[in-house]
Amino acid sequence: MHRIYQGWGEPAGFSGYFVVSFQEEPVTYGVYQDSIRYENESSIGEGKNIGAYVGFHMKPGQQLIVKASSSFTGPDGALANLQAEIPGWEFDSVHTQLEKTWQQRLASIEVSGGTDEDKRNFTERCTAPLFFPVYLTM
């Protein structure tokens, strides 16, 4: 999928691509615009009020693991990121590795003064460029 808008349809100034992978096989999928559904279609082009959907047969209490990844370079980059960063379906393993990675990155930031909320806000602002490098040039 390709997304070039942010918020309420305003241009973001850059292109972003993402892929989504499901542990179970969908039993239905499609796209929509407004209230019109196009079943078994995977693309709808550009427009307002568009989206995609998937459906699964699930048993009560059954969990569905979904993996997603993004890239600014294209769909192939997003798929390569997914395969490199989340190769398996072991949620706890991925969660543990993610926490370890964030702790390593955040360990270089020392914040003093202010309230706990101020510190949390500051730290969150420091992480934004890790997700959106364009912020570094703004």
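Bear in mind the structure is a predicted one, so any value in this text is a computation, not a measurement.
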[X] and [Y]: which non-hydrogen atoms are nearest, and at how many Å?
{"X": "Ile86", "Y": "Lys67", "answer": "O-NZ, 3.0 Å"}
{"X": "Thr73", "Y": "Ser71", "answer": "OG1-OG, 2.8 Å"}
{"X": "Pro75", "Y": "Val19", "answer": "O-CG1, 4.1 Å"}
{"X": "Gln62", "Y": "Met58", "answer": "OE1-CA, 3.4 Å"}

* Does the gap between the ring centers of Phe22 and Phe56 come in under 6.0 Å? -> yes

* Would a 4.5 Å heavy-atom cut-off, applied to side chains only, mark Tyr53 and Tyr32 as touching? -> yes

Distance (rounded to the nearest 0.5 Å) between [X] [atom1] and [Y] [atom2]:
{"X": "Leu82", "Y": "Phe18", "atom1": "CG", "atom2": "CZ", "result": "12.5 Å"}
{"X": "Ile65", "Y": "Ser21", "atom1": "CD1", "atom2": "OG", "result": "11.0 Å"}
{"X": "Tyr38", "Y": "Gln33", "atom1": "OH", "atom2": "CD", "result": "6.0 Å"}
{"X": "Ser112", "Y": "Lys119", "atom1": "OG", "atom2": "NZ", "result": "7.0 Å"}
{"X": "Lys48", "Y": "Asp34", "atom1": "NZ", "atom2": "CG", "result": "11.0 Å"}
{"X": "Gln104", "Y": "Thr101", "atom1": "CD", "atom2": "OG1", "result": "5.5 Å"}

* Between the side chain of Asn81 and the main-chain N/O of Ala78, is any donor-acceptor distance below 3.5 Å? -> no

* To do: For Ser70, enumerate each residue passing the side chain to side chain donor-acceptor pair (under 3.5 Å) test, keeping only those at least two apart in sequence or located in another chain.
  =>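 Not a single residue meets the side chain to side chain donor-acceptor pair (under 3.5 Å) criterion with Ser70.
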
* Asked: Is Val66 linked to Val54 within one hydrophobic cluster, defined over Ile, Leu, Val, Met, Phe, Trp and Tyr using a side-chain heavy-atom separation of less than 4.5 Å?
  ->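 Same cluster.
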
* Asked: Side chains of Thr28 and Glu39: is there a donor and an acceptor less than 3.5 Å apart?
  ->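 The criterion, which ignores hydrogens and geometry beyond distance, is satisfied for Glu39 and Thr28.
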
